[in-house]
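The block underneath contains the structure these notes are about, expressed in structure tokens.
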Amino acid sequence: MPELPEVETTRRHLAAHLPGARVVAVELLDPRAVWRPDPATFATRLTGMDLGDVRRRAKYLVVDLRDGDHLVVHRRMTGNLLLREPAAPPDEHTVAVLRLADGRELRFCDLRRFARMWLATPAELAALDRSLGPEPLSPEFTAERLASILANRRRALKPLLLDQRAIAGLGNIYVDEALFAAGLRPTRGADTLQPADVERLHAAIRAVLEQGIRNEGTTFRDYLGAIGQPGRNQHMMGVFKREGKSCERCSAVILKTRVAGRGTHYCPRCQR
DNA sequence: CAATCAACCTGGGTGC
DNA sequence: TGCACCCAGGTTGATT
């Protein structure tokens, strides 16, 4: 689920309501939700901790801690972070709970149990940052930068755009949508794009991500924002999950294939 | 360097 | 109804 727009939607809510809160208890209903250190140490170190700014890098959510370290969360496929008021009814698939001093709870819920949270030192966070490509909504992500990422790569566009080392934050939904918006076939070799193609792809990547944020994310099944709200972006899809339906732009039938092991949707007429 | 696949998990949908 | 099977928004590591 959570690609850049979904993590950013959650971040914005948490950034407005979490800083200054103090953790008074950590409940690990499923200890697999903690990557490192070990679950018991994780709980001990977070208990009594004051929470600071909430930031995002790619699909990672980062909560700064008073002691200078960071709580990092990656939600993988179905993870959600819910900030609940005191005495709120239970949430399904809760794997961990941070109980806050004012009675609120930050709940980590995850149907498939792939999601992880962990503690990171500033050096570890810096290493994570270095392992990731540019933020597609940052000023440094220019069309020229995208051109250099695509240059001399014989890889198909789809797996390249999904590669977090190349560009960070895109996932299966937004890659399919960006390629549709740019009129480019997912199997097109990255090094075959003309300058005008690169310009269109650059604009399309930013546009689909910004639209996703505006609509508070895409919810097909499991994604929920920090107060449990589903997104609205699923109604804006050009191709994703629209196989068999007609293209809004040219009326051709949308196809679904498999590219790089991922379900891939595209319009055979307007994507070349 | 690139492509493929298995693994990690649970649950929903489909076809028999 | 039951059951086998396929699929799913992500990432990592082994293999070819």
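Summarising the geometry, the separation between CG on A:Asp30 and P on B:dC9 is reported as 9 Å, rounded to the nearest angstrom. If you measure from atom CZ of A:Arg75 to atom P of C:dT11, you get 12 Å, rounded to the nearest angstrom. The separation between A:Asp222 atom CG and B:dC9 atom C1' is 12 Å, rounded to whole Å. Rounding to whole angstrom units, CG of residue A:Asn152 and P of B:dC1 are separated by 12 Å. At whole-Å resolution of the value, CZ in A:Arg165 and C1' in C:dG13 are 12 Å apart. Distance A:Arg262 CZ to C:dA8 P: 8 Å, rounded to the nearest Å. A:Trp35 places its CH2 atom 14 Å from the C1' atom of C:dG10, with the value rounded to the nearest Å. Distance A:Asn80 CG to B:dT10 C1': 14 Å, rounded to the nearest Å.
Stacking of A:Arg32 on the aromatic ring of A:Phe114 is not recorded, the 6.0 Å distance cut-off and the 45° axial limit not both being met.
Of the residues near DNA chain C, A:Leu111 and A:Gln164, the one whose nearest nucleotide (by heavy atom distance) lies more toward the 5' end is A:Leu111. Heavy-atom nearest nucleotides on DNA chain B were determined for A:Arg155 and for A:Arg113, and the one closer to the 5' end corresponds to A:Arg155.
Among the protein residues, A:Gly171 comes within range of the sugar-phosphate backbone only, with heavy atoms under 4.0 Å from sugar or phosphate atoms but none that close to a base. Backbone-only contact: A:Arg258 has heavy atoms under 4.0 Å from sugar-phosphate atoms and none from a base.
Side-chain nitrogen and oxygen atoms of A:His74 include at least one within less than 4.0 Å of the OP1 or OP2 phosphate oxygen of C:dT11. For C:dC7, the OP1/OP2 oxygens have no side-chain nitrogen or oxygen of A:Arg221 closer than 4.0 Å. Within the 4.0 Å cut-off from OP1 or OP2 of C:dG9, not a single side-chain nitrogen or oxygen of A:Lys241 is found. For the OP1/OP2 pair of C:dA8 and a distance below 4.0 Å, the side-chain nitrogens and oxygens of A:Lys256 include at least one atom meeting the criterion.
Taking only side-chain atoms of A:Arg32, from C-beta outward, the nucleotide of C:dG9, B:dT10, C:dC7 with the closest atom is B:dT10. Taking the side chain of A:Met77 as heavy atoms from C-beta on, and the options C:dG9, C:dT11, B:dA2, the nearest nucleotide is C:dG9.
Across every strand in view, C:dT16 sits in a pair with B:dA2 that passes the Watson-Crick or G-U test at under 3.5 angstrom. Nucleotide B:dG15 forms a pair with C:dC3, judged by Watson-Crick or G-U wobble geometry with both contacts under 3.5 Å.
Taking atom P in both B:dC9 and C:dC3, the straight-line distance is 25 Å, to the nearest Å. The separation of B:dC5 from C:dC7, taken at their P atoms, amounts to 12 Å, rounded to a whole angstrom. A gap of 23 Å separates the P atoms of B:dG11 and C:dT11, to the nearest Å. For the P atom pair drawn from B:dC1 and C:dG10, the interatomic distance equals 24 Å after rounding to whole Å.
Taking only distance into account, the side chain of A:Arg112 meets the base of B:dC9 through a donor-acceptor pair shorter than 3.5 Å.
Between A:Phe220 and A:Phe240, a ring centre-to-centre spacing shorter than 6.0 Å is recorded.
Considering all non-hydrogen atoms of both residues, A:Ala21 and A:Arg104 come closest at CB-NH2, 3.9 Å.
Under 4.0 Å is where a charged nitrogen must lie from a carboxylate oxygen, and between A:Glu216 and A:Arg232 at least one such pair does. Ionic pairing of A:Arg188 and A:Asp197 is present here: one or more N-O contacts between side-chain nitrogen and carboxylate oxygen are shorter than 4.0 angstrom. With salt bridges taken as basic N to acidic carboxylate O contacts below 4.0 Å, none links A:Arg76 and A:Asp110.
Both geometric conditions, a ring-centre gap below 5.5 Å and a plane tilt below 30°, are not fulfilled together for A:Phe114 over the base of B:dC9.
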